[in-house]
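Written out below as structure tokens is the structure these notes cover.
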Amino acid sequence: SDSLRRQLTQLDSSFPDQYRTRNYTLGAQYAEYLKLDIGEQERLTVERIRALQSELSILSMHLYEQLRIGNHAEADVRLNRLYQMESYTRSQFEELNRLQLGKLRVVVDHISQWARQGLFAVFGLVAALVLIIGTATVALRRRILHPVRAVLQASNRVREGDLAVR
């Protein structure tokens, strides 16, 4: 606060031009932001911030002019109004931040749900593969081992002397 007042008492004649340039740049950034695919509440909040920024700009230029002509009493009134508007502007930025975080939470929840579904699908595929491989193994084992057992039994019977085995 004292720092700001000190800066305001030592007027910089380039302030109006620098401020206009910054104000124009900020306005262009708002316009670009509003072109994005944003929700209605977010758009309204940005519009409120944009309107506040315009009002702050006008108030700042009036404050500068009052200081330039030496009307410090009126400058103090405008400075106090600037502080009030700063607080309201900060609350609007906090609201915008809250809205953006809400959108991010929705996206994160959606991605988490998608990941869970993908994980269940992978587990389902793995379980199906294990079942198919197990079934195929049992079937192959029966097809291969059944004839081998029959040959083994026949050879045991022949060894025991039963030559009628086929």
Side-chain angles (χ1 to χ4, degrees), residues 1-140:
S1 174
D2 291 334
S3 165
L4 178 60
R5 288 184 191 274
R6 195 171 39 253
Q7 288 176 9
L8 293 175
T9 58
Q10 300 168 355
L11 291 179
D12 179 2
S13 61
S14 65
F15 171 78
D17 290 333
Q18 290 176 357
Y19 195 79
R20 277 188 213 99
T21 301
R22 287 185 182 151
N23 196 31
Y24 177 79
T25 303
L26 191 56
Q29 290 173 345
Y30 286 135
E32 286 300 313
Y33 189 82
L34 289 171
K35 290 178 186 176
L36 299 175
D37 182 22
I38 57 177
E40 184 179 338
Q41 286 293 43
E42 196 173 358
R43 183 173 304 284
L44 289 172
T45 304
V46 170
E47 287 291 347
R48 279 193 298 269
I49 291 170
R50 187 174 171 180
L52 281 167
Q53 186 266 328
S54 293
E55 193 175 337
L56 283 168
S57 174
I58 293 168
L59 189 58
S60 297
M61 294 308 282
H62 286 173
L63 173 62
Y64 174 82
E65 192 57 32
Q66 293 301 316
L67 289 170
R68 190 183 66 75
I69 62 174
N71 189 351
H72 293 284
E74 185 61 31
D76 279 342
V77 169
R78 292 177 194 263
L79 184 60
N80 288 332
R81 176 72 180 128
L82 255 173
Y83 285 137
Q84 292 170 355
M85 289 180 67
E86 174 199 22
S87 175
Y88 184 64
T89 303
R90 182 177 297 121
S91 73
Q92 291 303 303
F93 273 109
E94 288 169 357
E95 173 67 13
L96 180 60
N97 185 40
R98 187 188 64 73
L99 291 169
Q100 290 172 334
L101 286 175
K103 284 175 64 175
L104 285 174
R105 281 189 194 103
V106 168
V107 169
V108 167
D109 289 345
H110 181 70
I111 290 172
S112 295
Q113 181 182 13
W114 181 78
R116 277 191 302 275
Q117 289 172 345
L119 192 59
F120 288 139
V122 167
F123 283 144
L125 287 173
V126 168
L129 283 173
V130 167
L131 185 63
I132 290 169
I133 290 171
T135 304
T137 301
V138 169
L140 282 174

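These values consider heavy atoms only, across backbone and side chains, with no hydrogens, waters or symmetry-generated copies.
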### Message
Would you say that more than 12 heavy atoms from the other residues, nucleotides or ligands in this model lie under 6.0 Å from the CZ of Arg22, or not?
### Response
no
#### Entry: Pair Glu86 + Arg90: basic N to acidic O under 4.0 Å
yes
### Summary
The reported gap from CG in Asp76 to CG in Leu67 (rounded to nearest 0.5 angstrom) is 8.0 Å
### Query
For the residue pair Met85 and Leu52, what are the closest heavy atoms and their distance?
CE-O, 3.9 Å
### Summary
Minimal heavy-atom distance between Ala75 and Leu63, with the atoms involved, is O-CD1, 3.0 Å
### Task
Determine, for Arg98 against Glu95, whether the closest basic-nitrogen to carboxylate-oxygen distance falls under 4.0 angstrom.
yes
### Message
For the backbone of Tyr83 and the side chain of Ser87, can you confirm whether one donor and one acceptor N or O come within less than 3.5 Å of each other?
### Response
no
### Message
For Glu40, is the CD atom crowded, meaning more than 12 foreign heavy atoms sit under 6.0 Å from it?
### Response
no
### Query
CZ/Arg50 to CZ/Arg43 distance, rounded to the nearest 0.5 angstrom?
10.5 Å
### Task
Decide yes or no for Lys103 and Ile38: does some side-chain heavy atom of the first lie under 4.5 Å from some side-chain heavy atom of the second?
yes
### Task
Calculate, to the nearest 0.5 Å, the distance between atoms OG1 and CD belonging to Thr89 and Glu55 respectively.
8.5 Å
### From CD1 (Ile133) to CG (Leu140), nearest 0.5 Å
11.5 Å
### Message
Strictly below 4.0 Å, N to O, side chains only: are Arg78 and Glu74 in salt-bridge contact?
### Response
yes
### Summary
Between Leu59 and Arg81 the two heavy atoms that sit nearest each other are CD2-CG, 3.4 Å
## Note on the structure
When rounded to the nearest 0.5 Å, the distance separating CD of Glu94 from OG1 of Thr45 is 12.0 Å
### Query
Is the shortest heavy-atom distance from the side chain of Asp17 to the side chain of Arg20 under 4.5 Å?
yes
### Query
What do the steps show when you test Gln29 against Glu32 for side-chain contact (heavy atoms from CB on, under 4.5 Å), and what is the final call?
CA-CA 5 Å; Gln29 290 173 345; Glu32 286 300 313; 5.7 Å; no
### Task
Take Leu96 and Gln100, measure what side-chain contact (heavy atoms from CB on, under 4.5 Å) needs, and give me the verdict at the end.
CA-CA 6 Å; Leu96 180 60; Gln100 290 172 334; 4.0 Å; yes
#### Entry: Distance in Å, Ser57 OG paired with His62 NE2, rounded so as to fall on 0.5 Å steps
9.5 Å
